[in-house]
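In this chain, residues are counted from 1 in sequence order.
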Amino acid sequence: METSFVSYYITVRFAFLLLFTSCAGSLVWGQSADAPLFTLPYSPSLDVSSMDRSVDPCTDFYHYTCGAWIKKNPIPPDQARWDVYAKLTEDNERFLWGILVEASKPNASRNLVETEIGDYFAACMDQSAVEKAGVGPLKPELDAIAALHSIGDLPAYLGHEHLGGAGPGVLFGLSASQDYEDSSREIAFLDAGGLGLPDRDYYTKTDPKSQETREKYLEHVQKMLELLGEAPRLAKKHAQTVMAIETELAKASLTRVEKRDPYKLFHKMTPEQVQALTPSFHWAVYFKASEAPDTSAINVSEPAFFQEVQTLLKAHKLDDWKTYLRWHLVHSRASVLPASFDDANFDFYSKYLRGLEQMPPRWKRCVRRVDGDIGEALGQVFVAKTFAPSTKQSALSMTKGIEASMESEIQQLPWMGEETKRRALEKLHGIVNKIGYPDKWRDYSSIKIGRDDYFGNVEHAAVFESRRELAKIGKPVDRSEWFITPPTVDAYYDSQMNDINFPAGVLQPPLFDPKMDDAPNYGDTGATIGHELTHGFDDEGRQFDAKGDLKDWWTKSDAEEFQKRADCVSDQYSQYTVIDDIKINGKLTLGEDLADLGGTWLAYLAWKSATKDQDLQPIDGFTPGQRFFIGMAQWACGDERPESKRMNAITNEHSPDEHRINGVVSNMPEFGKAFACRVGQPMMHSQPCRVW
């Protein structure tokens, strides 16, 4: 679920007051995780019992605020990481489980939406039907691959496969997105893809762990091909073929850091120019098969990648491509096939790469599938049960207050000239705040959903979404669209939409607690609002103007001043160790690190402004300033498996939680004053970094 330069806030820490509506059959903390929730539980946003006061806050603020939480909350066996964010996510999933259990009971009183989500969930939960179907649902696609007679047949096959939702997993991806030059219209995007490992660096790094991972990947590909019926010796040979093709594709792909520069991804071409990149691939045939409409303007994000595709089309025989296609077919459908496929997929991607000890239970996987495939239908029921209209207004009101703080800060920036300030304020004033859920719900009634056809339901939903997405090509942008479902515990800023999106799923305790004083709420909620605002002005976001067009609105001297300050942040975070000898890639995490720092500062200013006439007193032995920073830190309480840390060091644009907290407070003298830290202590930098 990505659009061009959507800054997804994956480890989000945003919430507002949520007014719950009661449901019968309430469950409480400590009840079995095998039971659904019918009322969401309460957990405080500032929990003194989660702290470890034996730790000096000036030495390690993160473990001072979260040490006891980590000890009391070991990572569950089906999780790669476990923190406040993950715990809220699981609560929401269990609540959605309760909704889906009720919706899956056939009765005349179910409305259309309840029927859709209920039947989808029921089909997913019917594991016996999945086992009985076996690999039969794959037969039409396997037959189509076997029937390919030449390289010239690939465009039609890939067009059909991409329409079915395979996306960039199979060689490349086609999507609709906003034109970088004119964000008011949608054009076709062709993106690099084709890899089975999480990132191109897995194919190119030469350290022992990377070599071991490639060997494990070869074993996994071989096993999946064997499950399709290939003999072990042949499957092993075919796995090598897959690795050879994917390695060349990886070498031709941009790194994640390079992709942070939008200009490196902006190459608008005509169909004739695209055809010239890959003469052996007939794009007109592909676009017709994928049902893409007007493709007169196409952005090719990585031209060098598609040139390499041309080289590989000439270098590999048809049988090699058939092997590659069979692998990606079974890889993309593993989760909807019998347990032998699903288990093998889990063993490599979740157990080996991320360290999970056991697969999430079937109910949880099915909740996620319904939310992922028809999430706005599920979201309608979720919102009706949890989200009061007053919550939306409260959220919007707080957002406006944080925006006012940012406006004041921009006006006072000593390093920015007046012309750039004017354009920055123009962009700030143009930001649209979307709270809770879409104004218009998506209509899924055209999807054929059967209670006895899980594989078919997934395929039908994928085709629906592909057609919906591609139908946008050549049309004006729908600025009311959301790229996240209402039940999701997450939030994001989109540079081209120039909007902030806070779904209902994240607008609840413990991320915001109406029973608490303003200090921790501004520390958590306010800092996250500021985080998303700052994304509009981070190293990526600052390159888009108020309309969302890719346009340089900075004077040269102001851009140099920004870069100097951004480098301070990047250099700081690059010194932090993720695990063993692996450091944070400060250039990869720069946008999130800037947003964390800027967002917390804006929240602090807004809190001081909102409470300037109040007589604030200590609570639970902590001053108001201390409570602000404790609230800011406790969203991140948690731990992560070593394997997951390794993978995230390569793939995640967010720094590990402990560094997101300690990295921020060490740059804020206000924190040092609140906790009486001395310059030179770990949490008190003598020359703090500061951008916004």
Is the shortest side-chain heavy-atom distance between P487 and N92 below 4.5 Å? no

Let me confirm one number: the CG-CG distance from L353 to D347, rounded to the nearest 0.5 Å. 11.0 Å

Of all heavy-atom pairs linking Q634 and S50, the shortest is NE2-CB, 3.8 Å

Between V383 and P486, is any pair of side-chain heavy atoms under 4.5 Å apart? yes

Without swapping roles, check the side chain of Y62 against the backbone of A636 for a donor-acceptor pair under 3.5 Å. yes

Carefully, step by step, assess E141 and H160 under the rule side chain to side chain donor-acceptor pair (under 3.5 Å). CA-CA 10 Å; E141 293 297 320; H160 171 78; 2.9 Å; yes

Residue from R365, K364, Q358 passing side chain to side chain donor-acceptor pair (under 3.5 Å) with D78: K364

Minimum-distance pair of heavy atoms, taken over all atoms of I449 and Y120: CG2-N, 3.8 Å

Before accepting this row, confirm whether a basic side-chain N of the pair E230/R326 lies closer than 4.0 Å to the acidic partner's carboxylate O. yes

Set out, in order, the CA-CA distance, both residues' side-chain angles and the distance that settles side chain to side chain donor-acceptor pair (under 3.5 Å) for Y437 and T485, then state yes or no. CA-CA 8 Å; Y437 53 90; T485 65; over 6 Å; no

Smallest separation among heavy atoms of A461 and D373, with atom names: CB-CB, 4.0 Å

If you round to the nearest 0.5 Å, how far is CG of L174 from CG of D191? 8.5 Å

Do H238 and Q222 get their side chains close enough for a donor-acceptor pair, meaning under 3.5 Å? no

Verify whether the ring centers belonging to H220 and W327 lie closer than 6.0 Å. yes

I'd like to know if R81 and D639 make a salt bridge, using a cut-off of under 4.0 Å between side-chain N and carboxylate O. no

Between H328 and Y324 (judged by ring centroids, cut-off 6.0 Å), do the two rings come close enough to count as a pair? yes

Closest non-hydrogen atom pair, I117 against A103: CG1-CB, 4.0 Å

Return the minimal non-hydrogen interatomic distance between D524 and P510, and the atom names on each side. OD2-O, 4.4 Å

Does this structure show an ion pair linking R368 with E93, if we count only N-O contacts that are shorter than 4.0 Å? yes

Rounded to the nearest 0.5 Å, the CG atom of D83 sits from the CG atom of D657 at a distance of 5.5 Å

Judged by modelled atom types alone, do D91 and T89 share a side-chain donor-acceptor pair under 3.5 Å? no

Among side-chain atoms of D593 and S655, is any donor-acceptor pair under 3.5 angstrom? yes

Between D119 (side chain) and R451 (backbone), is there a donor-acceptor pair under 3.5 Å? no

Separation between CD1 (I99) and OG (S104), nearest 0.5 Å, reads 12.0 Å

With a 6.0 Å cut-off on ring centres, are F38 and F95 close enough? no

Salt bridge (charged side-chain N to carboxylate O under 4.0 Å, His left out) between E643 and R646, intermediate numbers included: CA-CA 5 Å; E643 297 89 344; R646 288 181 179 277; over 6 Å; no

Taking NZ, NE, NH1 and NH2 as the nitrogens, is one of them in K448 or D453 under 4.0 Å from a carboxylate oxygen of the other? no

Between the side chains of D452 and K132, is the shortest nitrogen-to-carboxylate-oxygen separation below 4.0 Å, so that they form an ion pair? no

Among R260, K259, R256, which residue meets the salt bridge (charged side-chain N to carboxylate O under 4.0 Å, His left out) test with E653? R260

Report yes or no: do R369 and S335 form a side-chain donor-acceptor pair below 3.5 Å? yes

Is a side-chain N or O of D207 found less than 3.5 angstrom from the main chain of S210, in a donor-acceptor match? yes

Are any side-chain N or O atoms of S644 and backbone N or O atoms of R641, one a donor and one an acceptor, separated by less than 3.5 Å? no

Judged by atom type as modelled, is there a donor-acceptor pair below 3.5 Å linking the side chain of H162 to the main-chain atoms of S466? no

When you check the gap from the basic side-chain N to the acidic O, do E459 and R333 get nearer than 4.0 Å? yes

Heavy-atom donor-acceptor pair, R442 side chain to A377 backbone, under 3.5 Å: no

Give a yes-or-no answer on whether the side chains of E246 and Y217 include a donor-acceptor pair shorter than 3.5 Å. yes

Within the structure provided, determine whether V463 and R467 are in side-chain contact (heavy-atom separation under 4.5 Å). yes

Is there a donor in the side chain of Q127 and an acceptor in the side chain of E131, or the other way round, less than 3.5 Å apart? yes

Is there side-chain contact between L228 and L138, with heavy atoms separated by less than 4.5 Å? yes

When you check the side-chain N and O atoms of N648 and E640, is any donor under 3.5 Å from an acceptor? yes

For residues L37 and P41, determine if any side-chain heavy atom of one lies less than 4.5 Å from a side-chain heavy atom of the other. yes

Where is the tightest heavy-atom contact between V113 and N111, given as atom of each residue plus distance? N-OD1, 3.2 Å

Is any side-chain heavy atom of V367 closer than 4.5 Å to a side-chain heavy atom of F121? yes

Between Y349 and H331, ring centroids under 6.0 Å: yes

For L329 and E161, run side chain to side chain contact (heavy atoms under 4.5 Å, CB included): C-alpha distance rounded to whole Å, both residues' side-chain angles, the deciding distance at 0.1 Å, then the answer. CA-CA 9 Å; L329 174 66; E161 181 69 2; 3.8 Å; yes

So does I70 get a backbone contact from the side chain of H63, meaning a donor-acceptor N/O pair under 3.5 Å? no

Would you confirm whether W635, through its side chain, and M632, through its main-chain N or O, come within 3.5 Å as a donor-acceptor pair? yes

Is NZ or CZ of K223 both nearer than 6.0 Å to the six-membered ring centre of F348 and within 45° of the ring axis? no

Are C637 and Y85 close enough that some pair of their side-chain heavy atoms sits under 4.5 Å apart? no

Using the side chain to side chain contact (heavy atoms under 4.5 Å, CB included) rule, take V578 and K583 through it: C-alpha gap first, then chi angles, then the decisive distance, then the call. CA-CA 5 Å; V578 178; K583 302 289 186 180; 5.9 Å; no

Give the intermediate values and the outcome of salt bridge (charged side-chain N to carboxylate O under 4.0 Å, His left out) for residues R468 and E481. CA-CA 12 Å; R468 189 192 70 82; E481 184 177 7; 3.1 Å; yes

Less than 4.5 Å apart, any side-chain heavy atom of L195 and any of R200? yes

Is it true that a side-chain atom of D580 and a backbone atom of I582 form a donor plus acceptor pair closer than 3.5 Å? no

Hey, are D490 and T488 close enough side-chain-wise for a donor-acceptor pair under 3.5 Å? no

Does the distance from a Lys or Arg side-chain N to an Asp or Glu carboxylate O, for D201 and K205, drop under 4.0 Å? no

Do E376 and Q380 have a side chain donor and acceptor closer than 3.5 Å? no

Does E90 pair with K87 as a salt bridge, N-O distance under 4.0 Å? no

With no hydrogens and no angle check, do the side chains of S340 and D343 hold a donor and an acceptor under 3.5 Å apart? no

Does Y492 reach the main-chain N or O of F483 with its side chain, forming a donor-acceptor pair under 3.5 Å? yes

